[in-house]
Protein chains: 2
Amino acid sequence: MTSDTRPLRADAERNRVRIVVAAREVFAAHGLSVTLDDVARSAGVGVGTVYRRFPNKEALVIAVFDHVLDEITTLLDKTAADEDAWRGLTGLITAIAERQAADRGLFDLCTNADFGQADRIAEHFIPAADSLVARAKAQGALRDDFAAPDIGPLLMMVAATAEMTRTLDPDLWRRYLALLLDGIRAGATTPLPGPTPTHAEMQTVMHCSSSRQP
Amino acid sequence: MTSDTRPLRADAERNRVRIVVAAREVFAAHGLSVTLDDVARSAGVGVGTVYRRFPNKEALVIAVFDHVLDEITTLLDKTAADEDAWRGLTGLITAIAERQAADRGLFDLCTNADFGQADRIAEHFIPAADSLVARAKAQGALRDDFAAPDIGPLLMMVAATAEMTRTLDPDLWRRYLALLLDGIRAGATTPLPGPTPTHAEMQTVMHCSSSRQP
DNA sequence: ACGAAAGTGGAGGGAACCTCTCCGTATTTA
DNA sequence: TAAATACGGAGAGGTTCCCTCCACTTTCGT
């Protein structure tokens with residue numbers, strides 16, 4: 001499809017790499033809202049150079065996260081195959097939380113419709129979540145009123161604490177994840193209130209964390 | 001201290017009230033980031049009128065939330081006095097979560113250093129939290145490795161889900177609060193990882209959710 | 001009922017920020 | 001060494017927001 005054009009000139013290729021590396025760091029530290037000027041400065045090149053290589057910000061974001069997203073989808077498939085479903089489920093949640101805690105940009109990508117990469121994850125996430133949740137319940141490890149679409153909000157909660165406490169202790173989010181995991185274990189004392197959400201509902205709702213209303 | 005000047009003219013007072021009422025609604029629906037132009041439009045007055053009555057946005061915010069903050073501090077004192085400490089603790093958390101879920105502006109106010117009202121809450125929150133946590137542990141209802149400063153992040157997590165799922169179901173946050181409360185109950189299966197945070201640490205860290213770094 | 005005092009609306013000044021383009025200059029490559 | 005390619009960064013053009021200014025309107029005491 002994308003016919004590979006002639007290779008870049010040596011200095012151009014060098015700069016392209018510097019831009020992607022710098023973008024990865026800046027996005028991780030400050031989220032996707034940073035300016036391409038910031039990225040350029042951090043990479044030690046001019047903005048013009050960034051825009052020649054990447055037609056717009058979105059293209060750069062995708063270039064930076066394409067690999068990470070692949071990593072996550074394979075991770076989803078892999079943890080879903082764990083025969084100990086509880087271990088698989090907690091492993092899945094922990095692994096995603098770990099990546100989001102270490103990379104603000106990844107969190108933005110997962111919760112921002114603007115970059116349209118969320119579906120790519122959902123495609124692997126939904127089957128994995130469904131399978132793990134069903135099997136973990138069957139194995140008696142997961143409370144019965146928990147549903148697969150609850151995983152999204154769970155991750156959102158952990159990401160919120162990670163974001164908040166990052167400067168204090170970059171691992172403090174694990175404390176609150178542990179609380180949540182104890183909360184979803186089988187043998188719950190309080191039945192969950194309200195209706196059980198669906199995947200579709202959660203998907204629509206996840207993509208407007210920081211949107212505006214008219 | 002603030003010598004009450006001569007009373008406002010009738011129409012001026014009428015408009016002042018309309019502004020505060022409109023601001024309350026707009027802040028609740030969209031958070032403190034709305035423009036004073038938005039408030040003015042919603043109140044049916046010109047921006048100039050808003051600025052004559054309130055020297056700047058912060059003054060309006062304080063006028064709107066002064067009463068709510070008082071309400072919360074008395075609520076803190078009251079729940080802290082409950083002899084059933086678990087009931088007091090969950091009541092406190094639920095009550096604050098309820099208010100934050102219903103009012104985006106209140107959440108912003110609690111987590112945004114810019115408006116300098118957070119200390120006013122902390123003054124009542126810290127003693128209440130300390131007392132309830134200590135007593136709930138003594139009564140065997142609360143897990144031993146939970147600490148009073150953990151309540152902040154807990155509320156932050158619930159607020160994050162409330163914000164996210166508001167359009168889907170304005171009460172869905174209760175589901176995730178229930179999970180968390182089950183997670184902090186005595187009889188936990190996994191000990192919490194990492195060091196226990198302090199009030200001071202949490203305070204510094206709560207006030208920079210949406211800040212920028214240089 | 002009239003005039004001074006108080007209040008009003010909303011255009012727009014000024015500042016900050018962002019994305020992206022343009023073009024004179026510099027580097028690479030054949 | 002010349003043609004092709006790439007570079008930097010000023011700045012165009014757009015948006016957003018806070019707040020001011022002032023010609024016009026309303027209130028209220030006398």
Side-chain angles (χ1 to χ4, degrees), chain A residues 4-23 26-27 29-64 105 108 112 114-116 210-214, chain B residues 3-23 26-27 29-64 104-105 108 112 114-116 210-214:
Chain A
D4 45 349
T5 71
R6 87 176 50 175
L8 289 177
R9 222 172 68 177
D11 54 345
E13 174 59 23
R14 204 184 314 131
N15 278 337
R16 206 196 62 85
V17 172
R18 290 172 67 183
I19 290 167
V20 172
V21 169
V26 178
F27 286 152
H30 307 291
L32 299 186
S33 65
V34 292
T35 307
L36 284 209
D37 288 66
D38 294 332
V39 174
R41 198 178 322 115
S42 169
V45 303
V47 227
T49 305
V50 176
Y51 277 99
R52 163 142 341 94
R53 216 46 69 205
F54 303 93
N56 51 44
K57 191 176 180 174
E58 191 182 322
L60 176 58
V61 168
I62 292 177
V64 165
D108 288 354
N112 231 312
D114 303 352
F115 295 94
S210 50
S211 297
R212 63 268 113 208
Q213 277 100 319
Chain B
S3 63
D4 45 349
T5 69
R6 88 176 48 175
L8 289 177
R9 224 172 65 178
D11 55 344
E13 174 58 23
R14 204 184 314 129
N15 278 338
R16 205 196 62 86
V17 171
R18 290 173 67 184
I19 290 167
V20 172
V21 169
V26 178
F27 286 153
H30 307 292
L32 299 186
S33 64
V34 292
T35 306
L36 283 210
D37 288 64
D38 294 332
V39 174
R41 198 178 322 115
S42 169
V45 303
V47 227
T49 306
V50 176
Y51 278 99
R52 171 177 330 284
R53 215 48 66 205
F54 303 94
N56 52 43
K57 191 175 179 176
E58 191 182 322
L60 176 58
V61 168
I62 291 177
V64 166
R104 253 182 91 154
D108 289 353
N112 232 313
D114 304 352
F115 295 94
S210 52
S211 298
R212 63 269 112 205
Q213 278 98 321

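Just so we're clear, the structure is a prediction, and the values are computed from it rather than from any experiment. Chain naming here is simple, since letters A, B, ... match the order of the sequence lines and numbering starts at 1 in each. Any value given below was found using the heavy atoms of this structure, including those in side chains, with hydrogens, waters and symmetry copies removed.
The separation between A/Leu8 atom CG and C/dT29 atom C1' is 14 Å, rounded to whole Å. At whole-Å resolution of the value, CZ in A/Arg18 and C1' in D/dC7 are 12 Å apart. At whole-Å resolution of the value, CG in B/Asp38 and C1' in D/dC19 are 15 Å apart. Atom-to-atom, CZ of A/Phe54 to C1' of D/dA6 comes out at 15 Å; the value is rounded to the nearest Å. Atom CG of B/Leu60 and atom P of D/dC17 are 16 Å apart (whole Å). One atom, NE2 of A/His30, and another, P of C/dC17, lie 15 Å apart when rounded to the nearest Å. Nucleotide C/dA6 holds its P atom 18 Å from the CZ atom of B/Arg16, rounded to whole Å.
Rounded to the nearest 0.5 Å, atoms CG (A/Asp114) and CD (A/Glu58) are 8.5 Å apart. Taking CZ from B/Arg53 and CG from B/Asn15, the interatomic distance works out to 8.0 Å, rounded to the nearest 0.5 Å. Taken from CZ in B/Phe27 to CG in B/Asp108, the straight-line distance is 9.5 Å, to the nearest 0.5 Å.
Residue A/Asn15 places no side-chain N or O under 4.0 Å from the OP1 or OP2 atom of D/dA6. Remark: A/Thr35 is in phosphate contact with C/dC18, judged by side-chain N or O atoms under 4.0 Å from OP1 or OP2. Of the side-chain N and O atoms in B/Arg41, none sit less than 4.0 angstrom from OP1 or OP2 of C/dG9.
Between A/Val45 and B/Ser33, it is A/Val45 whose nearest contact on DNA chain D lies nearer the 5' terminus. Across the interface with DNA chain D, nearest-nucleotide mapping of B/Leu32 and B/Ala10 shows B/Leu32 to be the residue nearer the 5′ end.
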Listed pairs, N/O of protein and of nucleotides 24-26 of chain D, under 3.5 Å:
{"unit_1": "D/dT26", "atom_1": "O2", "unit_2": "B/Arg9", "atom_2": "NH1", "d": "2.9"}
{"unit_1": "D/dT26", "atom_1": "O2", "unit_2": "B/Arg9", "atom_2": "NH2", "d": "3.1"}

Under-3.5 Å N/O pairs linking protein and nucleotides 20-23 of chain C:
none

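Shown here for A/Ala43 and A/Ile19, the closest heavy-atom pair between the two residues is CB-CA, 3.9 Å. In plain terms, the two heavy atoms of B/Ala12 and B/Leu8 that are nearest each other are CB-CB, 4.2 Å.
Taking the salt bridge (Lys or Arg N to Asp or Glu O under 4.0 Å) definition, one finds that B/Asp11 meets it with B/Arg9, sequence neighbours left out.
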